[in-house]
Amino acid sequence: MEPVFPQHNIALLNYPGAQLAALYGLKDMFEVANRLAEGQTNSVLKPHIVDLFEDTATHLHDLPTCAALIAPPSLSAEKHTGQGAVHHWIKTQHQKGALICSACAGAYLLAATGLLNGRTATTHWALKQEFSETYPSVQLNTDQLIVDEGDIITAGGVMAWTDLGLRVVERFLGPAIMLDLAHQLLIEPGRCEQRLFSAFRPELHHGDAAILKVQHWLQTTFTTRVTVEGMAEHAGLTSRTFLPCNRSQPEGLFTIVKD
């Protein structure tokens, strides 16, 4: 009689606009991990693609308890946040001990449930301002590729679902299987940051007309030598008003000291 190993149900959330490559890629990743784990661990990952469309959401509570839920990235311009039945199901699974995960724009779905309130999370660096304005209670850190809070794991950019998949495999099958999987799929394990991939996007909604005037001017003159005196003259301010910004200020702002 073949031994029966404990199965960890992994719900891959197929919401409107979800990236299918990530859904099926994660499913394939976990199945490869299971093959690598044969004879080495008494655990098995059982991935399921779970539809979160309105006509299927009412059947969510008929599903078995999950070990983990993963909201994949989205390539859609419209960010999916789900609705009441979906939110209740996700929070119920979390209360039962499920690991709640997202990659890229999948963080919008998790944030809409309220589970990220007061927690540190990440998403794609290009979504930083929009996400922060929509969910100000979330402590967003888009410098990080992975933010692991124990019961909630969020990943950064679109392809960070591969890093998230490795983290989930490590959690349930152990670090040795995770490393074997990374080598098998040629994924570099242990990546931590996404800030090296981000582009500088200055803050333009601060309401300071003088500084905004200089910012627009810099966009047209950045290829030539720019001095503090030149910026001050263009803004109609004195040079001493342009002091280095400190870390507590929004990226892209100057410190202004009024005379």
Side-chain angles (χ1 to χ4, degrees), residues 19 73-79 81 102-112 116-149 152-164 167 188-259:
Q19 184 191 19
S74 172
L75 299 180
S76 172
E78 182 177 351
K79 307 304 184 294
T81 57
S102 69
C104 195
Y108 280 81
L109 176 57
L110 299 195
L116 298 184
N117 288 348
R119 307 287 293 268
T120 302
T122 190
T123 186
H124 194 292
W125 58 266
L127 301 175
K128 179 179 179 179
Q129 180 173 327
E130 177 188 322
F131 189 96
S132 296
E133 291 175 352
T134 306
Y135 300 106
S137 297
V138 180
Q139 300 172 16
L140 197 63
N141 183 357
T142 55
D143 284 344
Q144 296 301 308
L145 187 66
I146 294 281
V147 172
D148 188 341
E149 290 250 302
I152 297 176
I153 303 176
T154 52
V158 179
M159 294 305 296
W161 63 264
T162 59
D163 304 272
L164 176 61
R167 187 64 64 95
E188 182 181 354
R191 296 195 303 165
C192 299
E193 298 181 345
Q194 63 172 338
R195 60 182 175 181
L196 297 178
F197 302 95
S198 65
F200 173 65
R201 295 190 175 188
E203 172 63 56
L204 300 174
H205 303 283
H206 45 75
D208 192 314
I211 294 303
L212 185 59
K213 183 180 179 181
V214 174
Q215 287 177 292
H216 288 316
W217 175 68
L218 287 172
Q219 295 298 317
T220 64
T221 59
F222 68 92
T223 57
T224 60
R225 185 172 181 270
V226 176
T227 64
V228 171
E229 290 75 15
M231 289 189 292
E233 181 181 358
H234 195 80
L237 301 171
T238 62
S239 298
R240 69 179 295 273
T241 63
F242 284 78
L243 301 178
C245 67
N246 58 51
R247 294 183 179 274
S248 65
Q249 290 178 296
E251 187 178 80
L253 286 181
F254 296 101
T255 299
I256 301 301
V257 178
K258 301 299 183 183
D259 291 326

Any residue meeting ring pair (Phe, Tyr, Trp, His ring centres under 6.0 Å) with Phe131, in chain and number order, not counting sequence neighbours: Tyr108, Tyr135
Thr227: side-chain contact (heavy atoms from CB on, under 4.5 Å) partners, not counting sequence neighbours: Arg225, Glu229
Main-chain N/O of Thr122 paired with Thr154 side-chain donor or acceptor, under 3.5 Å: yes
Under 3.5 Å donor-acceptor, Thr123 side chain and Cys104 backbone: yes
Nearest non-hydrogen partners of Gln139 and Gly118, listed with the distance: NE2-O, 3.4 Å
Value rounded to 0.5 Å, distance of OG in Ser74 from CG in Leu109: 10.5 Å
Pairwise side-chain contact, Lys79 with Leu127, heavy-atom cut-off 4.5 Å (strictly under): yes
Which residues share a side-chain contact (heavy atoms from CB on, under 4.5 Å) with Glu149, sequence neighbours left out: Arg119, Thr120, Val147, Asp151
Closest non-hydrogen atom pair between Ala112 and Thr81, with its separation: CB-O, 3.2 Å
Exercise: identify the closest heavy-atom pair between Val158 and His124: N-CD2, 3.8 Å
From Leu145 atom CG to Met159 atom CE, the distance as rounded to the nearest 0.5 Å: 11.5 Å
Ala155 to Leu164 - nearest heavy-atom pair and separation: CB-CB, 4.0 Å
Nearest atoms (heavy-atom pairs only) where Leu140 meets Lys128: CD2-O, 3.7 Å
Atom of Ile153, atom of Arg167 and distance for their closest heavy-atom approach: CD1-CG, 3.7 Å
